[in-house]
Amino acid sequence: MTEAAHTSAIELPGTIWLASDIHLQESTPATAEAFLAWLNGAADAADHVLLPGDIFDAWVGDDVLQVAPEWLRNIVSGLAAAGQRTQLWLGHGNRDFMMGEQLAQACHARLLPAEALLKTAIGTVLLLHGDELCTDDLAYQQMRQVVRNPAWQADMMRRSLPERLQLAQQLREQSEAGKADKSMAIMDVNQGAVERTMQAHGVNRLIHGHTHRPDRHVFELDGAPAERWVLPDWDFDHQPHRGGWLTLDADGVAMHDLEAGA
Ligand code: MN
């Protein structure tokens, strides 16, 4: 909600690690533990650690920090410890788009723009959460327009914290109920939207999360090879356990599976 700009370029020399869709919440302690252990290693290995969205399963406003339960205090202190050792960046997902400057400061992190043009060792890479590419899901896109409107968010923040927590719960239940009726194809990215977005930014590499379908897609864009990397989601509290990350350095992009210990 406090992105400096919708789109901006970020200079990221060196090694970058990325993870998204960890969906941290009170009811997933094993996922939190796995994430904090990974983050500790990431802070050692990477010059920049980027978390482009749905880090939290819900975030109703930074004033949560004043009444943070223990599980959340642990997460924030883990993020802050990492943020003091590496450059840490938090991005907005469709669950935690209300993350603001106060949280970023508490984590010694910076907020990513909604569309981040990463200036990396292998050229410019576009980083998004990914929900904006799911254009076949019209109901979702309509809802997204509402909740990403600064006026709607300001109105939300005038409500009490308990009221916001209740609203977030309702939205989550609606989203879960909606998903049951939607086909897998509707909830994936639209290839046309992918290509238009990449063309608009003049990039041939795109990284995003959101769809929980980790993969590397190679295709042709304006007669040249292009690739789209999809980050995995994390869950170490339900079977099958899953989680992983991407690394980006002068050798290129690589996917790593936490379960496989790769
Ligand atoms: Mn998402």
Side-chain angles (χ1 to χ4, degrees), residues 7-22 34-35 37-55 82-83 85-91 93 109-110 112-134 188-234 242-262:
T7 305
S8 57
I10 305 171
E11 297 285 339
L12 298 176
T15 301
I16 304 166
W17 284 29
L18 306 105
S20 72
D21 301 278
I22 306 118
F35 172 68
W38 172 82
L39 187 62
N40 188 44
D44 278 342
D47 300 300
H48 310 275
V49 175
L50 278 51
L51 307 173
D54 289 358
I55 305 156
R85 288 157 55 209
T86 188
Q87 296 234 19
L88 181 63
W89 297 81
L90 311 178
R110 279 183 274 179
L112 285 165
E115 299 178 327
L117 286 163
L118 313 179
K119 303 288 181 183
T120 77
I122 52 168
T124 304
V125 178
L126 177 63
L127 177 67
L128 309 169
H129 179 62
D131 55 323
E132 57 276 82
L133 300 171
C134 300
D188 201 354
V189 300
N190 173 291
Q191 181 65 18
V194 166
E195 293 179 9
R196 282 191 299 278
T197 304
M198 293 176 78
Q199 282 165 334
H201 292 289
V203 296
N204 58 11
R205 269 200 193 86
L206 167 66
I207 297 175
H208 68 83
H210 180 66
T211 60
H212 302 187
R213 301 173 199 201
D215 210 341
R216 174 186 184 230
H217 300 271
V218 179
F219 53 98
E220 204 169 276
L221 187 63
D222 298 327
E227 61 181 12
R228 173 172 72 91
W229 291 85
V230 187
L231 287 154
D233 67 316
W234 293 49
R242 59 191 187 275
W245 74 103
L246 291 176
T247 55
L248 191 163
D249 58 26
D251 295 329
V253 184
M255 175 98 63
H256 306 268
D257 184 347
L258 201 66
E259 228 350 51

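Only a predicted model underlies this, so the values are computations on that prediction, with no experimental measurement involved.
Partners of His48 according to the ring pair (Phe, Tyr, Trp, His ring centres under 6.0 Å) rule, which considers only residues two or more places apart in sequence or in another chain, do not exist here. Judged as a side chain to side chain donor-acceptor pair (under 3.5 Å), and not counting sequence neighbours, the contacts of Asn190 are Asp136. Shown here are the side chain to side chain contact (heavy atoms under 4.5 Å, CB included) partners of Asn40, two or more places apart in sequence or in another chain: Arg85. Every residue two or more places apart in sequence or in another chain that forms a ring pair (Phe, Tyr, Trp, His ring centres under 6.0 Å) with His129 is listed here: His210. Looking at residues two or more places apart in sequence or on another chain, you find no salt bridge (charged side-chain N to carboxylate O under 4.0 Å, His left out) involving Asp21. Partners of Thr120 according to the side chain to side chain contact (heavy atoms under 4.5 Å, CB included) rule, which considers only residues two or more places apart in sequence or in another chain, are Ile16, Leu118, Ile122, Val125, Leu248. Shown here are the salt bridge (charged side-chain N to carboxylate O under 4.0 Å, His left out) partners of Asp222, two or more places apart in sequence or in another chain: there are none. A search for salt bridge (charged side-chain N to carboxylate O under 4.0 Å, His left out) contacts involving Arg196 returns nothing, not counting sequence neighbours. By the side chain to side chain contact (heavy atoms under 4.5 Å, CB included) test, Thr86 is found to be paired with Ala43, Val49, residues two or more places apart in sequence or in another chain being considered. Every side chain to side chain contact (heavy atoms under 4.5 Å, CB included) that Ala121 has, sequence neighbours left out, goes to Ala250.
Ring pair Trp17/His256 is parallel by interplanar angle, where below 30° counts as parallel and above 60° as perpendicular.
Applying the salt bridge (Lys or Arg N to Asp or Glu O under 4.0 Å) test to residues at least two apart or on different chains, the pairs with a partner in residues 204-213 are Asp188-Arg213, Arg205-Glu227.
A donor-acceptor distance shorter than 3.5 angstrom exists from the side chain of Asp257 to the backbone of Glu259, with no hydrogens or angles considered. Of the possible donor and acceptor atoms, one in the side chain of Glu132 sits under 3.5 Å from a partner among the backbone N and O of Gly130.
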Given side chain to side chain contact (heavy atoms under 4.5 Å, CB included), test Thr247 with Met255 step by step and report yes or no.
CA-CA 7 Å; Thr247 55; Met255 175 98 63; over 6 Å; no
